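So that the names make sense, note that chain A is the first sequence line, chain B the second, and so on, each numbered from 1. Both backbone and side-chain heavy atoms feed into the values below; hydrogens, waters and symmetry mates do not. Just so it is clear, the model here is predicted, and its values are computed rather than measured.
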Protein chains: 2
Amino acid sequence: MTSQPAEPPPRRGRGRPGHDQAAVLRAAVELFNRKGYDATSMGDLAKELGLTKPAIYHHVTGKEQLLGQALDDALDELTAVVTEAFREQAGRSAYERLREVVRRSVEVLVAHQPSVTLLLRVRGNSEVELAALERRRWLDDRLAALVTDAVAEGALRDDVPATLVSRLLFGMVNSLVEWYRPDGAYDRAMVADAVTAIAFDGLARHETRV
Amino acid sequence: MTSQPAEPPPRRGRGRPGHDQAAVLRAAVELFNRKGYDATSMGDLAKELGLTKPAIYHHVTGKEQLLGQALDDALDELTAVVTEAFREQAGRSAYERLREVVRRSVEVLVAHQPSVTLLLRVRGNSEVELAALERRRWLDDRLAALVTDAVAEGALRDDVPATLVSRLLFGMVNSLVEWYRPDGAYDRAMVADAVTAIAFDGLARHETRV
DNA sequence: CCTACCGATCGGTAGG
DNA sequence: CCTACCGATCGGTAGG
């Protein structure tokens, strides 16, 4: 091994277009989602960016760092939604807070779809993935607690266990990442309305609603 | 390709424990789900079975064949559910057929959870995966058509586009594979009831139901 | 000659 | 940012 100067500052006005770290991350996340993390090689990423493989390592320290940054992005956004529901909405009923969490979660899913998609596919194959799973578990526990509170208030049906309700509700919300496309037929607000309506009122036509 | 005698009967009383093709497949699917297909090596599978890697090739022709068999299993089961809804239930309303499809889908998901989980994670990275995606798309189209019919009957709400309803409904159903465990707290019928109740009637408590 | 394997290694490619 | 490579490991197969 030869010693090597660490990270020269990015030159302007010379050399190639100048991809920055964010552009590499965006392209990486797009590929990770399209082909899967393991099936994506750093060579694939280089080709996508019009660089050589070694050139990527000028911008990022490695493949797993790219994954970690994407997972942190998704987790930070979702954590903000959940934290807010408990902190800033303390005066409202659990039912109202749950509706708000569902709506805001949908908005995060569509606004940060690529990184959230990666998060939902994490299997725990590395330290980075295990750390993400731990944060995700914390979120799931908070959401389940909110559902339990809403059932206890009498706002939600009590003929199904609250943990099961929570899993199915957020299973539906999370399924958005499988098909939602920002340039598709449905805009953000429309999807949020549809999810909230179907989740809380069901998809059957009712004669009377409360 | 060379012609080949199909499946010799398993010998008893001599040689090693005698893993058969089905046992290798079961172990492979379990590993594919736990670690991901690409992250699972044939060496991992060999270790799990207590064999050497070359020994696996006595039972199966390769890694991708294992994936293909699992995907076919899931697709065959789901295709049967959908086909039956159109063929054997022609006299019933679309709404009734849709409810039945949801219930039967839940049952297939929990009975064939490992292979269905693999199916839902396919990205199209190979011929085997592309073929599976094509069959899956056929299923999704049939299900969407059934939802459209149920809306046209007036049985389902018409304030949300039918394609969106279909995606959210089966997104919830499919999310089962993320957490359902056969040895867990919920049995098959309980989960099927919960999904159907929440999907069609919603999770809010209503004063009146139709 | 069969089966059920083993120790060793093939040609290629991964991340770095 | 490239050419030239590394240690390791991949899926799959050789002879015995």
Side-chain angles (χ1 to χ4, degrees), chain A residues 1-21 23-25 27-29 31-32 35-70 125-129, chain B residues 1-2 4-25 27-29 31-32 35-70 125-129:
Chain A
M1 254 187 269
T2 62
S3 78
Q4 210 163 300
E7 282 218 83
R11 296 283 185 82
R12 313 283 176 179
R14 286 192 62 197
R16 291 302 180 79
H19 297 284
D20 58 355
Q21 216 257 15
V24 175
L25 178 58
V29 171
L31 279 176
F32 292 166
K35 309 179 52 160
Y37 176 76
D38 288 301
T40 302
S41 71
M42 292 301 267
D44 294 333
L45 179 55
K47 195 190 298 174
E48 183 77 17
L49 289 165
L51 303 175
T52 59
K53 184 157 56 110
I56 293 177
Y57 291 89
H58 177 74
H59 301 291
V60 297
T61 62
K63 189 183 179 185
E64 201 165 4
Q65 182 208 31
L66 289 165
L67 177 62
Q69 284 178 348
N125 287 335
S126 64
E127 285 304 317
V128 164
E129 294 194 356
Chain B
M1 258 183 268
T2 63
Q4 209 163 300
E7 285 214 81
R11 294 282 186 82
R12 316 281 175 181
R14 284 195 62 196
R16 291 302 181 81
H19 297 285
D20 59 356
Q21 216 256 17
V24 175
L25 179 58
V29 171
L31 279 176
F32 293 165
K35 309 179 54 160
Y37 175 75
D38 289 301
T40 302
S41 72
M42 293 301 267
D44 294 333
L45 179 56
K47 196 190 298 174
E48 183 77 18
L49 290 165
L51 303 175
T52 61
K53 187 157 56 106
I56 293 177
Y57 291 90
H58 178 75
H59 302 289
V60 298
T61 63
K63 189 182 178 185
E64 201 164 4
Q65 182 207 30
L66 289 165
L67 177 62
Q69 284 178 347
N125 286 335
S126 64
E127 285 304 318
V128 165
E129 294 194 357

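Considering only side-chain atoms of K53(A), the nucleotide from dG16(C), dT3(C), dC1(D) that sits closest is dG16(C). The side chain of P54(B) has dC6(C) as its nearest neighbour among dC6(C), dT3(C), dG11(D).
Protein atom CG of L51(B) is 17 Å distant from nucleotide atom P of dT3(C), rounded to whole Å. Rounded to whole Å, the distance from NZ on K47(A) to C1' on dG15(C) is 16 Å. When rounded to the nearest whole Å, the span between CD1 of I56(B) and P of dA4(C) equals 15 Å.
At the phosphate of dA4(C), neither OP1 nor OP2 sits under 4.0 Å from any side-chain N or O atom of H59(B). The phosphate of dC5(C) has neither OP1 nor OP2 within less than 4.0 Å of any side-chain N or O from T52(B). Checking the phosphate oxygens (OP1, OP2) of dC1(D), no side-chain nitrogen or oxygen of H58(A) falls inside 4.0 Å. Side-chain nitrogen and oxygen atoms of Y57(B) include none within less than 4.0 Å of the OP1 or OP2 phosphate oxygen of dT13(D).
Under the side-chain hydrogen bond (donor to acceptor under 3.5 Å, both in side chains) criterion, E129(A) pairs with no residue at all, not counting sequence neighbours. Shown here are the side-chain contact (heavy atoms from CB on, under 4.5 Å) partners of S41(A), two or more places apart in sequence or in another chain: D44(A). Taking E64(B) as the reference, Y37(B), S126(B), V128(B) meet the side-chain contact (heavy atoms from CB on, under 4.5 Å) condition, with sequence neighbours excluded.
A heavy-atom distance below 4.0 Å to DNA chain C is reached by these residues of residues 36-43 of chain A, ordered by number: T40(A), S41(A), M42(A). Only G62(A), K63(A), listed by number, bring a heavy atom of residues 60-67 of chain A to less than 4.0 angstrom from any atom of DNA chain C.
Side-chain contact between V60(B) and L25(B): absent, with no pair of heavy atoms (C-beta onward) separated by less than 4.5 Å.
Helical stems in DNA chain C, defined as runs of 3 or more consecutive Watson-Crick or G-U wobble pairs with both donor-acceptor distances under 3.5 Å, are not found.
The separation of dA4(D) from dG16(C), taken at their P atoms, amounts to 22 Å, rounded to a whole angstrom. For the P atom pair drawn from dA8(C) and dG12(D), the interatomic distance equals 22 Å after rounding to whole Å.
When all heavy atoms of L49(A) and A27(A) are compared, the pair lying nearest together is CD2-CB, 3.7 Å. The two atoms that bring K35(B) and T40(B) nearest to each other are CB-OG1, 3.7 Å, heavy atoms only. When all heavy atoms of L31(B) and L45(B) are compared, the pair lying nearest together is CD1-CA, 3.6 Å. Of all the heavy atoms in L66(A) and F32(A), the pair that sits closest is CB-CE1, 4.1 Å.
Sorted by first then second residue, the side-chain hydrogen bond (donor to acceptor under 3.5 Å, both in side chains) pairs that include residues 48-57 of chain A, not counting sequence neighbours, number zero.
For the atom pair NE2 (H58(A)) and CD1 (I56(A)), the distance works out to 12.5 Å, reported to the nearest 0.5 Å. Between the CG atom in L51(B) and the NE2 atom in H59(B) there is a gap of 6.0 Å [rounded to 0.5 Å].
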